[in-house]
Amino acid sequence: MRFITSTALAAVLAAAASQASAEVSSAVRQESQSLAGLSQPAELIVDRWGIPHIYAANTRDAFFMQGWNAARDRLWQIDLWRKRGLGRLSASFGPAYVEQDRAARLFLYRGDMAAEWAAYGPDARTAVEAFAAGINAYVAEVKAGTKPLPIEFSLTASQPETWSPEDVLRIRSHALVSNAVQELARARTLCAGGDKAERMRRRLEPAHELIRPEGLDPCDVPADVLKDYLLGTATVSFDPMKTKVAAAPLDFAETADRITAEGSNNWVISGARTQSGRPILANDPHRAVGAPSLRYIAHVESPGLSLIGSGEPSAPGISFGHNGKAAFGLTIFAIDQEDLYAYQTDGDRYRYKHGWEPMKVVRETIEVKGQGPREVELRFTRHGPLLHADAAKKRAFALRTVWNEPGMSGYFASSWLWGAKGWDDFEKASHRWGAPSLNLIYADTGGTTGWAASGLTPVRSNWDGLLPVPGDGRYEWAGFQPAGALPSIKDPKAGFFATANEMNIPADYPNEERRLAFEYGDRSRIDRITEVLSAKSKSTLADSMALQGDSISVNCRRLIGLLAGLSSPDARVQQAIDLMRGWNADMAVDSVPAAIAEVWAVKHMAPALIQALAPEARAAMGIPTQHAILSTLEEMPAAERAPILLGSLPAALDELTARLGPDMTTWRWGRLHVARFEPAVAVLADAQTAEQMSVGPLQVPGSGSTPHAAGYRFSDFRLTAGATVRLVIDVGGWDNSMAVNSPGQSADPLSPHYRDLFPIWAAGDYVPLRYSREAVERDAETVIRLTPAN
């Protein structure tokens, strides 16, 4: 069907509608409606897991239907995404959001839209314009009363807004780029404790000697310099609507840790190493988890277009999945795409080279619900938005980021992958990727597999990007690395290729010259993934599904190694040591030593180490990486290490006793580590409605250092980050592919698809990702047939 003409497809759809009773089970709900904006008949089949399968007669209608359906399932979510990104929260929610709106507007794309459109794939503009039109068609139905208004709009006394196509692209602040947060953290640590403290906070990879830029003392960087950056990229809290005051200031350490904790796993296995003889591609991107899900699984079909996989509901197409010929996946690859610049100022002028340059002042109006509009001023230097200014010290800071460049709309460079049919197409798409920087993996029905590091890469000729720099002209980007400058591998010799945000730059790559980045995730996840994949000569889909849920922690293996020769006269401490020594490092929900090791290593061991070695830097360091802490301990003589370990373990046991009771044998990791998702807007609801909107709790295995990535907030160990969606794709045997979202596909708390996937996801299980029309119809729950409105 993917290759017939649009006229023929329209005929097929019309015939399907007239013969529905003969072809579709009577148990399947069937609906029909006319839809303004649709040019030819189309069909939407929602399967029993809430996954939409869209069949349209042309590409424009396909993306129009995708936008209409995104609004059908996720209207509140995508409307809030747009309002947050454009700086329009105050118009709907009142004056407490003016500062967040002002901050968000600093990061909008303000460049040439012609260059922006040209930066994406050949169908990109059609896709975005049709998608926005589809959203607006549904919004019009809501406003006309023919479709329900989601409950969140009633709770906030607000209404959905209409979209312009440019809204999809101009919003940059939802994509992950780096490393402004790390620049500030490094400056603060160096100021407080020097190189010794910084090495304890984070290790640089590949091995690199930090370049300290001339002309800027790290101690001159204020602790709140990124206040607007953090506010402009923050999620929306509805506490201000409840309390009538602005939200509390963002905590830098917690925010830095949240950003650092987000990552992903993916791998591709060649047919030579699978039981089926076909490649397998697996992907489970890790981001903040909650209700509704960040991700949305969708299937879109029209002549010349075939896409199934996952993306974010606010954008057309998919970010990862397959197109019937090739499959593609992604994880974050570290490219330093941000720099913090410091200026000497004189009013609205800043020193640049041998003179003074005026800042560009942009005056904008922020609509405020219930009050008059607010006029705000946004300032920009040649490098980017001004984030902080101190008139008394005549000092200011601005951010240079790839967000300001054309083609940097988050994940939308995937539009180059939609039509990929072979390695050459994939390679060209990887060269056009912008933001965020990614490990792209690939497999096609011809058997080719591979990997490419992708992302817009600034050229820094005289510094390494690891610290803030003077903005006086001495430290400038010399353009960007050309196409083909980043590493890639076609048909890896090992028969598989996996990534998990680790430092995976090939040993012979000239990174010291090109300076892609020096800050990566630790090797805990990739070492376990590689261990498992290497042991399988003939992998199955079930093997990859199990690996995505694997809860063995390589970091905990390292921790167990530190226990060698350790003993304590305290019976309780010795009992804990013995339990951990005999443990297999599995962060299972029923594990006693998992609870002890995680609480100890994360909350008590690191502060004790810092107190022992760099107490002056404790307040500035925030939350060090596990890799840096473990490496520091491993490098110490055992006699120096033992007092730190034995001195910090009792406090961890005290905390566990307070949380779980005095009997150590009853402690379980799952009693601490639970998933419960509460939408931010639920604080405005009555208790019963808030409970209806919430999901869980369920105990979940894993941690931040296991393939089953499961990050948590330090205060109570509740899950905050993990696999937002999981895909395991049988390349060529597409109907065998499996997937799971969480907590469900719908954002409507009254829908069965709001939470139906949550227990499946928490248990590490999956649902089929059907692709062929026949398989889709067998699993149909609802069929909606749409015709153009007169």
Side-chain angles (χ1 to χ4, degrees), residues 248 251 253-255 257-258 261 289 551 553 555-556 559-560 562-563 566-583 585-612 615 618-619 621-626 629-630 633 641-678 691 694 696-706 710-722 762:
D251 181 86
E254 287 189 6
T255 304
D257 181 70
R258 171 184 59 79
V289 290
S551 53
S553 169
N555 279 350
C556 285
L559 177 61
I560 293 168
L562 295 174
L563 301 177
L566 205 64
S567 63
S568 171
D570 184 324
R572 184 182 64 151
V573 172
Q574 188 60 48
Q575 181 184 8
I577 291 172
D578 292 340
L579 282 168
M580 287 186 285
R581 258 197 206 116
W583 176 43
D586 188 351
M587 300 295 297
V589 293
D590 61 353
S591 174
V592 177
I596 298 171
E598 195 71 11
V599 173
W600 179 31
V602 172
K603 293 192 67 176
H604 299 278
M605 185 187 298
L609 179 64
I610 296 168
Q611 184 63 33
R618 182 171 180 176
M621 283 179 64
I623 303 166
T625 66
Q626 280 195 26
I629 290 297
L630 289 169
L633 288 165
R641 182 172 65 221
I644 295 171
L645 297 177
L646 292 173
S648 58
L649 183 52
L653 300 181
D654 289 344
E655 178 174 350
L656 282 158
T657 298
R659 291 181 181 276
L660 302 178
D663 186 353
M664 192 180 298
T665 64
T666 68
W667 297 351
R668 300 289 185 272
W669 175 230
R671 291 179 62 192
L672 294 172
H673 195 228
V674 299
R676 177 173 169 81
F677 303 155
E678 299 165 341
E691 188 63 27
S694 300
L698 284 177
Q699 298 183 8
V700 288
S703 69
S705 62
T706 64
Y712 50 81
R713 65 189 185 196
F714 290 165
S715 60
D716 61 1
F717 301 95
R718 183 185 291 188
L719 190 76
T720 57

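All values reported here derive from a predicted model rather than from experimental measurement.
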Are the side chain of [X] and the backbone N or O of [Y] linked by a donor-acceptor pair below 3.5 Å?
X      : Y      : value
Trp667 : Gly661 : yes
Gln574 : Ser568 : yes
Arg618 : Gln611 : no
Trp669 : Gly702 : yes
Arg676 : Gly696 : yes

Taking the side chain as every heavy atom from C-beta outward, state whether [X] and [Y] have any pair of such atoms under 4.5 Å apart.
X      : Y      : answer
Tyr712 : Leu672 : no
Met580 : Leu562 : no
Val599 : Arg659 : no
Leu566 : Arg581 : yes
Thr666 : Arg671 : yes
His673 : Val589 : no

**Message:** For a quick test of reading the model, state the closest non-hydrogen atom pair linking Phe714 to Lys603 and the distance between them.
**Reply:**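 Heavy atoms only, the tightest pair is O-NZ, 3.0 Å.
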
Donor-acceptor pairs under 3.5 angstrom involving side-chain atoms of residues 645-654: please list them, not counting sequence neighbours.
unit_1: Ser648; atom_1: OG; unit_2: Trp600; atom_2: NE1; d: 2.9
unit_1: Ser648; atom_1: OG; unit_2: Ile644; atom_2: O; d: 2.9
unit_1: Ser648; atom_1: OG; unit_2: Leu645; atom_2: O; d: 3.2
unit_1: Asp654; atom_1: OD1; unit_2: Arg572; atom_2: NH1; d: 2.9
unit_1: Asp654; atom_1: OD1; unit_2: Arg572; atom_2: NH2; d: 2.9

**Message:** Measuring from atom CD1 of Ile596 to atom CG of Leu559, what distance do you get when rounded to the nearest 0.5 angstrom?
**Reply:**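 These two atoms lie 11.0 Å from each other.
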
**Message:** Between Glu655 and His604, is the side chain to side chain donor-acceptor pair (under 3.5 Å) condition met? List the steps.
**Reply:** CA-CA 10 Å; Glu655 178 174 350; His604 299 278; 2.7 Å; yes

